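The shown structure was predicted, so the numbers you read here are calculated from the model rather than taken from an experiment. Each chain gets a letter, A, B and so on, in the order the sequences are listed, and its residues count up from 1.
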There are 2 protein chains.
Amino acid sequence: MRIGEISKRSGLPAKTIRHYEDVGLIRSPRSENGYRFFTDNDLHKLTFIAQARSLGFTLGDCRILLGLYEDRQRASGDVKRVALESLARLERKLDELESMRAALGRLVERCHGDDRPECPIIDRLAGSSG
Amino acid sequence: MRIGEISKRSGLPAKTIRHYEDVGLIRSPRSENGYRFFTDNDLHKLTFIAQARSLGFTLGDCRILLGLYEDRQRASGDVKRVALESLARLERKLDELESMRAALGRLVERCHGDDRPECPIIDRLAGSSG
DNA sequence: CTTGACACTCCAGCTACAGGAGAGTTTACG
DNA sequence: CGTAAACTCTCCTGTAGCTGGAGTGTCAAG
């Protein structure tokens, strides 16, 4: 199939699929006219990548996971290691965003948001202790 | 003061300060030798930006907030509007990451992580329902 | 034979910087 | 006074993961 069809079937934009080829995540041979053509196996790979991305794996992770996916003999420990690192990254980011949300949420609550100039948000950014 | 000193005092790397100048967040006049020089007012601005960034505001937000900061007559409602949008962004991102963490966490728990090849993580990425 | 839907290859831009090269300036030490 | 360290400058590249657009080519239908 060509890129338009695999795009529809995988749910990934054609641009994204070309990008994955650019960075070496997949390879796609060309027809005589220069068009990429894809097999069902490529479709499996792309949906695999899409799933992994939706779980927060980076493209670097995807590269590793694809290798493990295609190695039927790999140890589940190898997969779990990658997943645990990704999980740790997610949790670090979550902690960071959560503390931002908490601090900003408190400020927003305390800001009247009316026509008056007094504003605890600006005060805080300007460095006042409150 | 020069960039090294304001860097120390603001806690921002010199690279970052130059970058803020590049994108027009601050402006800094030059001495005869071409070196940037900064005032205490610039220091206020930079710490303001640093605070805003740590609360999750984008540089675009910072640009707006700095304008509001310098306008003593602005309405607190104007500030709150920016803050609410930022908060909404944070919450969308948090929701996304949280659902990723939940899904990945479940998979990791179910993966033995030993020498055997069976792996629910790979199975899930490959599209199996479990 | 032309129109429209595809496909292709660059190149640029997004966010918010960081790293490094190569060059000039200032400062401290001997 | 010389020099070496420390500081500063500009410019270019890279990061992550695409997305948009320009300009061009291919192919099937009418």
Assess whether salt bridge (Lys or Arg N to Asp or Glu O under 4.0 Å) is satisfied between A/Glu109 and A/Arg106, documenting all intermediate values. CA-CA 5 Å; A/Glu109 273 175 28; A/Arg106 279 194 297 274; over 6 Å; no
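- Contact between A/Ala83 and B/Leu104 at its shortest, heavy atoms only, is O-CD2, 3.8 Å.
- Looking at residues 41-58 of chain B, you'll see B/Arg53, B/Thr58 sit with a heavy atom under 4.0 Å from some atom of DNA chain C.
- One finds a salt bridge joining A/Arg81 and A/Asp78 here, because a Lys/Arg side-chain nitrogen approaches an Asp/Glu carboxylate oxygen to under 4.0 Å.
- Residue A/Tyr20 places no side-chain N or O under 4.0 Å from the OP1 or OP2 atom of D/dG17.
- For A/Arg89 and D/dT15, the CZ to P distance is 16 Å, given to the nearest whole Å.
- Residue A/Ile3 contributes atom CD1, which lies 17 Å from atom C1' of D/dC27 at whole-angstrom precision.
- A donor and an acceptor atom sit less than 3.5 Å apart, one in the side chain of A/Lys15 and one in the base of D/dG21.
- A close approach under 4.0 Å does occur between a side-chain nitrogen or oxygen of B/Thr16 and OP1 or OP2 of C/dA18.
- Whole-Å rounding puts the B/Glu96 CD to D/dG17 C1' distance at 13 Å.
- Checking A/Arg27, A/Arg30, A/Lys15 one by one against A/Glu21, the salt bridge (charged side-chain N to carboxylate O under 4.0 Å, His left out) holds for a single residue, A/Arg30.
- Under the 4.0 Å criterion applied to side-chain N and carboxylate O atoms, B/Glu98 and B/Arg101 are assigned as salt-bridge partners.
- Distance, B/Glu21 CD to D/dC11 P: 12 Å, rounded to whole Å.
- Between the P atom of C/dT15 and the NZ atom of B/Lys93 lies a distance of 14 Å, rounded to the nearest Å.
- Residues of residues 22-36 of chain B having a heavy atom closer than 4.0 Å to DNA chain D, listed by number: B/Arg30, B/Gly34, B/Tyr35, B/Arg36.
- To the nearest angstrom, C1' of C/dC6 lies 14 Å from CD1 of A/Ile17.
- Taking atom NE2 of B/His19 as the reference point, atom C1' of D/dG14 lies 14 Å away to the nearest angstrom.
- Side-chain N or O atoms of A/Ser10 include none that pairs as donor or acceptor with a backbone N or O of A/Leu46 at under 3.5 Å.
- Minimum atom distance to the side chain of A/Arg18 is reached by C/dA7, of the listed C/dA7, C/dT26, D/dT19.
- A/Tyr69 pairs in a side chain to side chain contact (heavy atoms under 4.5 Å, CB included) with only one of the listed residues (B/Ile122, B/Leu125, B/Ile121, B/Asp123), which is B/Ile122.
- Taking the nucleotide of DNA chain C with the nearest heavy atom to each of B/Arg2 and B/Gly60, the more 5' of the two is matched to B/Gly60.
- With salt bridges taken as basic N to acidic carboxylate O contacts below 4.0 Å, none links A/Glu118 and B/Arg74.
- A 4.5 Å side-chain heavy-atom check between A/Phe57 and A/Ile49 finds every atom pair outside the cut-off.
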